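The structure presented is a predicted model; accordingly, all values stated were derived computationally and were not measured. Lettering of chains follows the sequences in order, A, B, ..., and the numbering in each one begins at 1.
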Number of protein chains: 2
Amino acid sequence: MSGLTGTIDTSSQVDLSHHLSTETRLRQANPMKAIWRLARRKADMISLANGDPHYSLYPIRKVEFEVASIGDDVDDPVASWRTAGPSAPSQTFSTTTESSPGKLPLKTALQYSAGAGLPDAQRAVTELTNHYHSPPDHIATLTLGNGDGVAKIFRLLGDPGDHFLADEFSFSSLTNAPLSHGINWVPVRIDGGGLIPEELERILSNWDSESQGKRPHVLYTVPCGQNPTGSTLSLERRQRIYDIAQRFDIIIVEDDPYYYLQYDPLDFDDSMADAPFNFIPSFLSMDIDGRVMRVDSFSKIMAPGMRLGWITSNPLFHESLVHMTDSSTHHPHAFGQIFITEMLSQAGWQISGFDRWVRSLRLEYQRRRDVFMRAFLRDVASTGLASADFPEAGMFVWIKVDIERHPRYRTGVQTEGSLAKTNVAQLMEELFERCLDGGLVVMPASIFVTPASLKVSCAEHPVEDRLNFLRTTFAGPEETMEPALKILATVLKEFFSSSESAKA
Amino acid sequence: MSGLTGTIDTSSQVDLSHHLSTETRLRQANPMKAIWRLARRKADMISLANGDPHYSLYPIRKVEFEVASIGDDVDDPVASWRTAGPSAPSQTFSTTTESSPGKLPLKTALQYSAGAGLPDAQRAVTELTNHYHSPPDHIATLTLGNGDGVAKIFRLLGDPGDHFLADEFSFSSLTNAPLSHGINWVPVRIDGGGLIPEELERILSNWDSESQGKRPHVLYTVPCGQNPTGSTLSLERRQRIYDIAQRFDIIIVEDDPYYYLQYDPLDFDDSMADAPFNFIPSFLSMDIDGRVMRVDSFSKIMAPGMRLGWITSNPLFHESLVHMTDSSTHHPHAFGQIFITEMLSQAGWQISGFDRWVRSLRLEYQRRRDVFMRAFLRDVASTGLASADFPEAGMFVWIKVDIERHPRYRTGVQTEGSLAKTNVAQLMEELFERCLDGGLVVMPASIFVTPASLKVSCAEHPVEDRLNFLRTTFAGPEETMEPALKILATVLKEFFSSSESAKA
């Protein structure tokens, strides 16, 4: 089982130390920590060592958050909270300077601490992870949200010139991050079910280290409600990908902010309504070797401004992450650690209340998805010019535009510096501009193309010819969905009837 | 004057873009931002673009901090707060979901934002900087505290193999940080007045790029209450160092967490008590070229767990810092931004109240310094075995041990791999162990030696022979100072009378 201390039994785990980057291996532990250990030599040591402001000088006496009530009597807490407005029942998470049972006191929380986070906060997220994933022999490191967590993992594992694998469409603000320190991406083709295991295996089996450099040793993937395609990996695909990772010695970076936003299957019927929803097993839950680094976030289920999340990893990677954190961002902020610790404490929601919140939130987003998809099917799909899968998780609908039906669609195109054989990119740019002119903002597929230095995947079906998608979201309020999709339908119809050349 | 927007007049600033590291130059702006700009094409655009959780789904309705009262009627707010305990008068900083005049609403604060910080928070710290430093043409970037800020600056400016200058004794958890990405330190000798300008000039003038590599282009220094030596640079030294920086094209990284903890001069007398204390001018305040990057923190004046600070820099470096932040830690946490924004707002302390707090805090630490130094002079200096300067700022007293008087002190020593000509290091290690055995924790000078790959400074007076110092602090409660210093006196006397060889 997971734990907080060095007493974890790691006997079943594989030695994965060769995955650490040179920078990580060169990083030194803070030499002052050795002194702090020595400072415990006797029972009543007096210290003149640490320049820590005394807590009596903090000007803060109490921190209080007024939050949604999650009592047993609240049936659907998210809907109650959202619809009742200021009259919705609330409760508070709070703490004060001095210790009181079950509270994280300000005199501890507001002091300097270590990169893994305050022990109480680290314990809180560890218990959460154990509840949902029961990973063997893993340990939690707090982060400042998934952006921070993923960027740290890329530094942890990546040397300049290394190749990392990723979904061929991905969230560009994360996949762009390691380019500047010399990481090369190898995109893996995906379909409606997410990353295709056969494509992953093909790339790794055919890898030629002589001509291509060191074989990729890291896979970055978003397994639930993938951003931007909204796809979710099935359990079977997850197991196959994990097997491939074992065979080719790959570290899987499981970036899973939408884990709690999983929806009922489309064949759901009322007879299933009494059974609790089963979240799909994560990569972490099946990790025997310690080769999964799971990245969790509160941004989608609490609020993005929280900027607090955690990585769950094997103990060796955890220790390296702590050293990196102690040399960069230092320990996470007290206010967020207080919030999550109090939320998960006896006096707060506890895990049972958290579970009620996320299950209620899941249903809220599922309703939004259904409103969105009904409007989409009625107004957009009915044009015959676009289609979309029902997303099983997350916030995104990946709308496929039937671009081959456009009167100006061309094949046999040749463009210098591009593998494209069609004019899809140009037509989609024109469609995007027409949406803007019509008053609608969507995200074009082109900005999600994983930047690849080596075009190892699908030279015969280059991603440049598969840009005929728009990322849309049902995260916003329901009242905007219908007018937005009506604009999209109108723009599509006008665009597909336009045989004149592209606008300037 | 400083501002928040791109409208700053930078005409007086020098082009410093050649200082940016390769990594910084390769870093790409988030491509999604271009879309967000396009989303403002028309007045009433509808967006399906961003996967941002809607604020009605945040479970948080109110955030409230109970803080020290800083009303005009409170004469010495820190002393009142510390001594009155739970009955000390307090006020609250708070905000709720919806906008209200002068408040930073949760629906904005808890949403995704950008790397520079929320505009309201950025404006608050900019006004603070303008109040104390009036820098020309600079702009603020929020950080997660000084550790984060300094580490980001090292990445911003440093390529592998670069040389950076630093005080020869420095805070090791910061100076160790960039070693793993290939930065080499060049230590500059310091004395009781901090960094010695002549030493800085000597190193730069004598630099031989042929044999030593690219000349150092960055100076990292803590100008007030330097950690660990407690020294403070005089205005004259600051001006000379700035001149040298201009002549040799150096970027000055001014890490100044103790700026507000400056103390009355030793020649202070009651006739000076009516004039308000003058804080010494910062490097930032004299920066014409844009070559100073100032790093500010709330850790020492509010609480370390805040983990919120800011960098003030020229607009070009600011823009690069924002890109770096958008690719790593992402925007800072909402809770800390709410705290500082509300604190400095009309409804909070405002700058005038902040100023009263820090001036009162300054006097609080000055009292502690005086208690410490009185006990030190009486119990320790009186032995004739140790001495210390009165620190003019900060939290540290750098105790010099008169090691040459020790019966086992030796010169003419030769040790492989060391420039040391004496056995000072060994004797000081023994003294440190004796302190621990006596129940006292102090910090040995050895752990603050700036790690140098090139011993360019003082081969004739190597730092290895100048380790006869102990870092002590007066930040802790007064009641521990006297017993602690009595232990130190006893240990020193026993140690200096010990002519037997070192303990095992």
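- Looking at V63(B), the atoms closer than 4.5 Å to chain A (heavy atoms on both sides) sit in the backbone and in the side chain alike.
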| task | Carefully, step by step, assess L57(A) and E364(B) under the rule side-chain contact (heavy atoms from CB on, under 4.5 Å). | result | CA-CA 9 Å; L57(A) 302 178; E364(B) 169 73 25; 3.8 Å; yes

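- Only the side chain of L361(B) comes within contact range of chain A, with at least one heavy atom under 4.5 Å from a heavy atom of that chain.
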| query | Going through the checks in order, is the side-chain contact (heavy atoms from CB on, under 4.5 Å) test met by H330(A) and R307(B)? | reply | CA-CA 8 Å; H330(A) 297 252; R307(B) 296 292 86 203; 3.8 Å; yes

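- For chain A, no part of R40(B) is nearby; none of its heavy atoms comes within less than 4.5 Å.
- Only the backbone of P332(B) has a heavy atom closer than 4.5 Å to any heavy atom of chain A.
- Scanning all heavy atoms of the two residues, the minimum distance from A39(B) to V441(A) falls at CB-CG2, 3.6 Å.
- In this structure, chain A has no heavy atom under 4.5 Å from any part of F93(B).
- With a 4.5 Å cut-off on non-hydrogen atoms, I338(B) does not touch chain A at all.
- Only the side chain of K42(B) comes within contact range of chain A, judged by heavy atoms closer than 4.5 Å.
- Contact annotation for P86(B): only backbone heavy atoms (N, CA, C, O) come within less than 4.5 Å of a heavy atom of chain A.
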Listed pairs under 3.5 Å, donor-acceptor, residues 45-52 of chain A side chains, sequence neighbours left out:
residue: S47(A); atom: OG; partner: A49(A); partner atom: N; Å: 3.0
residue: N50(A); atom: OD1; partner: W36(A); partner atom: NE1; Å: 2.9

| task | Walk me through it: do M302(A) and I60(B) pass the test side-chain contact (heavy atoms from CB on, under 4.5 Å)? | result | CA-CA 8 Å; M302(A) 300 282 136; I60(B) 310 170; 5.7 Å; no

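- Both the backbone and the side chain of Y112(B) come within less than 4.5 Å of a heavy atom in chain A.
- Between A151(A) and S328(B), the closest heavy-atom pair is CB-CA, 3.9 Å.
- When heavy atoms are compared at a cutoff of 4.5 Å, A43(B) does not approach chain A at all.
- Looking at F339(B), only its side chain comes within 4.5 Å of chain A, counting heavy atoms on both sides.
- H333(B) approaches M306(A) most closely through the heavy-atom pair CB-O, 3.9 Å.
- Although no hydrogens or angles enter the test, the distance criterion places no donor-acceptor pair under 3.5 Å between the side chain of R82(A) and the main chain of Y58(B).
- Annotation: maximal heavy-atom pairing with chain B below 4.5 Å, among R27(A), H331(A), M395(A), H181(A), occurs at H331(A).
- The structure places CZ of R61(B) at 5.0 Å from CD of E66(A), a figure rounded to the nearest 0.5 Å.
- Proximity to chain A (any heavy atom under 4.5 Å) is shown, for L470(B), by neither the backbone nor the side chain.
- Ion pairing between R155(B) and E23(A) holds under the 4.0 Å rule for side-chain N and carboxylate O.
- Proximity to chain A (any heavy atom under 4.5 Å) is restricted, for A109(B), to the backbone atoms N, CA, C and O.
- Listed options Q111(B), H323(B), M324(B) were ranked by heavy-atom pairs under 4.5 angstrom with chain A; first place goes to Q111(B).
- Counting heavy-atom pairs under 4.5 Å between each of G149(A), G145(A), A88(A), G476(A) and chain B puts A88(A) at the top.
- Residue contact with chain A, scored on non-hydrogen atoms closer than 4.5 Å, involves the side chain of F372(B) exclusively.
- By the 4.0 Å N-to-carboxylate-O rule, D437(B) lies close enough to R41(A) to be salt-bridged with it.
- Residues P304(A) and P53(B) are in side-chain contact: their nearest non-hydrogen atoms beyond the backbone lie under 4.5 Å apart.
- Ranked by heavy-atom pairs shorter than 4.5 Å toward chain B, the options I35(A), V442(A), I447(A) are led by I35(A).
- Here the straight-line distance linking atom OG1 of T480(B) with atom NE2 of H54(A) works out to 8.5 Å at 0.5 Å rounding.
- Looking only at heavy-atom pairs under 4.5 Å with chain B, the residue among L488(A), I487(A), T329(A), L144(A) that has the most is T329(A).
- Taking CH2 of W81(B) as the start and OG of S56(A) as the end, the distance is 11.0 Å to the nearest 0.5 Å.
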